[in-house]
Amino acid sequence: MSRLIVVSNRVADVTKAVQSGGLATAVADALQEARGLWFGWDGTVVSNDTHIGISINQQGNVRTATVPLSQRDYDEYYVGFSNNVLWPSFHYRLDLNLIDSKSIDGYRRVNQRFARALAALLEPDDLIWIHDYHFIPLAAELRALGVKHRIGFFLHIPFPPPDIFLAVPEQQWLARAMFSYDLVGFQTASDTQNFIRYVLEQAGGEQVSDTELKAFGGTIKVRPFPIGIDVEAFYDMAHTPTADEQIQRLQRRSMASNHIIGVDRLDYSKGLPDRLRAFRRLLDLYPENRKAVTLMQISPPTREDVQAYADIRQELEGLSGAINGEYSDFDWTPVRYIHRAVPRATLAALFRGSQVGLVTPLRDGMNLVAKEYIAAQDADDPGVLVLSRFAGAAEELTDAILVNPYDNDEVAQALQRSLTMKKEERIERHNALFDKVQKHDVKNWRETFLNELKSSRRANESG
Ligand code: GDG
């Protein structure tokens with residue numbers, strides 16, 4: 001069996017991966033099975049380039065190889081290009097796209113440095129799986145060093161339509177770099193189509209078959225691979241005696257009989273201010289919900305060095321304060337806003353104990369919270385998922401109440417409909433959603449991607 005090499009911006013502690021969610025859970029098992037190597041940034045920043053060395057650690061079957069970033073790399077590659085250009089643009093927020101030529105140079109430089117460090121660690125049969133927008137050009141840099149291994153790429157965030165991608169600096173260089181992979185995976189069919197459209201319309205490419213795309217002198221495989229979660233593990237976490245007790249406490253301590261829950265990193269792509277405005281509309285339009293409903297919004301801090309994140313925090317604190325100021329009573333607080341990370345098991349219990357899961361990103365690659373909310377429910381008395389049409393998850397989870405997250409009245413109506421929905425309809429919708437979440441779970445995602453990668457080989461005219 002070939003060894004699996006996973007490359008991602010941050011390398012998680014493999015022993016704790018199952019508790020931390022997202023990418024960590026998604027790839028940790030595959031690494032364990034394949035006695036793999038996980039390569040990436042160790043999360044530290046050193047003051048100058050001379051201290052940069054690679055650290056190798058063994059955690060069970062998995063080796064981790066990590067490097068620090070210099071302050072300049074952190075500013076230019078991580079904050080600059082990755083989070084101030086690619087993240088906003090790929091989430092359709094060109095207004096937040098801060099183009100700066102130094103950050104592009106830093107992005108290129110770090111990808112080159114990572115390629116050199118990784119190339120030195122490779123063994124002949126290794127299968128390489130590169131994750132996310134931080135590393136789009138990594139395969140091209142590896143190829144430039146003579147690496148001939150099979151290399152796959154998975155983009156966790158959306159891929160925007162051509163008109164938006166055209167506003168990304170050096171977009172043609174990025175698109176060409178995608179053709180150094182053997183397999184490129186996106187979250188949804190529409191992300192895949194957006195990439196194909198760019199290649200056909202702007203790069204003179206040609207679609208060879210459903211999944212094969214030819215451009216820039218090469219032919220690669222391109223396909224959606226919707227990411228999932230470990231459904232059983234999440235269900236179990238929501239059904240422990242501690243979870244039962246937490247749910248009882250949630251209900252006992254609150255005057256409200258209905259709970260709406262939102263859980264998202266505090267990111268402008270998650271639609272949090274609009275979510276709070278929609279909740280305020282619910283209280284305005286349907287006053288019977290006053291003293292009867294609470295919105296719990298858990299939003300741990302993230303990327304605090306980026307100005308747009310400081311702005312969203314201020315906006316959210318202002319809004320939740322304003323709603324509470326206007327509507328609270330001595331025995332009821334409508335919004336509970338928690339700006340801290342909560343243990344994963346507590347999240348699972350809160351999902352199960354809440355009658356509505358409110359997931360309203362303005363744009364999201366997939367959104368695992370939507371799937372976690374479904375996985376945590378009791379099948380005989382489930383809650384209702386209200387989900388943004390602009391989350392990748394909406395492509396699969398069509399039995400949720402799908403909403404336009406920009407339209408506060410529409411979301412308020414969807415909340416009212418969910419809070420008053422008959423048990424029969426709730427069960428019917430939940431059965432359909434649970435089936436989909438279970439069918440496309442994380443194991444399925446990982447195995448489908450890796451099997452496809454093993455049988456993919458890009459054709460390259462330049463050899
Ligand atoms: C990116 C893409 C794509 C959140 N708060 C806490 C906490 N979380 C966990 C959730 C979930 C994970 O973090 C977040 O995953 P999402 O998918 O919702 O969103 P992103 O972080 O933006 O992830 C996204 C994903 O990659 C995977 O491809 O779906 O579209 O943007 O598991 O539960 N976990 C704990 N405490 C918290 O306070 N323990």
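Start at 1 and go down the list; that is how both ligands and their atoms are numbered. As the structure is a computational prediction, the values presented were derived from the model and not from experiment.
Polar contact check, H91 against ligand 1: no nitrogen or oxygen pair lies under 3.5 Å apart. Remark: ligand 1 and R265 share an N or O pair separated by less than 3.5 Å (distance only, no angle test).
Within the listing of ligand 1, atoms 30 (O) sit less than 4.0 angstrom from a heavy atom of G365. Within ligand 1, the atoms closer than 4.0 Å to a non-hydrogen atom of V369 are 10 (C), 18 (O), numbered from 1 in the order shown. For ligand 1, the atoms lying closer than 4.0 Å to a non-hydrogen atom of R344 are 32 (O), 33 (O), 39 (N). Contact atoms of ligand 1 toward W87: 31 (O) (distance under 4.0 Å to a heavy atom of the residue). The contact set between ligand 1 and V263, taken as ligand atoms under 4.0 Å from a residue heavy atom, comprises 4 (C), 5 (N). Annotation for ligand 1: atoms under 4.0 Å from non-hydrogen atoms of L347 are 6 (C), 7 (C), 33 (O), 34 (N), 35 (C), 36 (N), 37 (C).
Aromatic ring pairs are classed by plane angle as parallel below 30°, tilted from 30° to 60° and perpendicular above 60°; the pair F159 and F165 is tilted. Between W445 and H131, the ring-plane angle classifies as tilted under the 30° and 60° cut-offs. In this structure, F154 and H156 have perpendicular ring planes: the angle between them is above 60°, well past the 30° mark.
Residue D267 does not touch ligand 1, judged by heavy-atom distances below 4.0 Å. In K270, the part holding a heavy atom less than 4.0 Å from any atom of ligand 1 is the side chain. At a heavy-atom distance under 4.0 Å, only side-chain atoms of I227, from C-beta outward, approach ligand 1. By the criterion of a heavy-atom distance under 4.0 Å, neither the backbone nor the side chain of F234 is placed next to ligand 1.
Heavy-atom proximity to atom 35 (C) of ligand 1, evaluated over V342, D132, I157, is greatest for V342. Among M366, H156, K371, the residue whose heavy atom sits closest to atom 2 (C) of ligand 1 is H156. Taking each of E372, H339, Q187, H131 in turn, the one with a heavy atom nearest to atom 32 (O) of ligand 1 proves to be E372.
Using a 4.0 Å cut-off between charged side-chain N and carboxylate O, D163 and R197 make no salt bridge. Comment: R265 engages D267 in a salt bridge, judged by a side-chain N to carboxylate O separation of less than 4.0 angstrom. R426 and D381 are joined by a salt bridge, as a carboxylate oxygen and a charged side-chain nitrogen come within less than 4.0 angstrom of each other. A salt bridge links D409 with R281: the distance from a Lys NZ or Arg NE/NH1/NH2 to an Asp or Glu carboxylate oxygen falls below 4.0 Å.
With 3.5 Å as the limit, one finds no donor-acceptor pair spanning the side chains of H149 and D182. At a cut-off of 3.5 Å, with distance as the only test, no side-chain donor of N61 or E33 sits close to an acceptor on the other residue. Under the 3.5 Å distance criterion, with hydrogens and angles disregarded, no donor-acceptor pair is assigned to the side chains of Y78 and D305.
Using a 4.0 Å cutoff on heavy atoms, F225 does not count as a contact of ligand 1.
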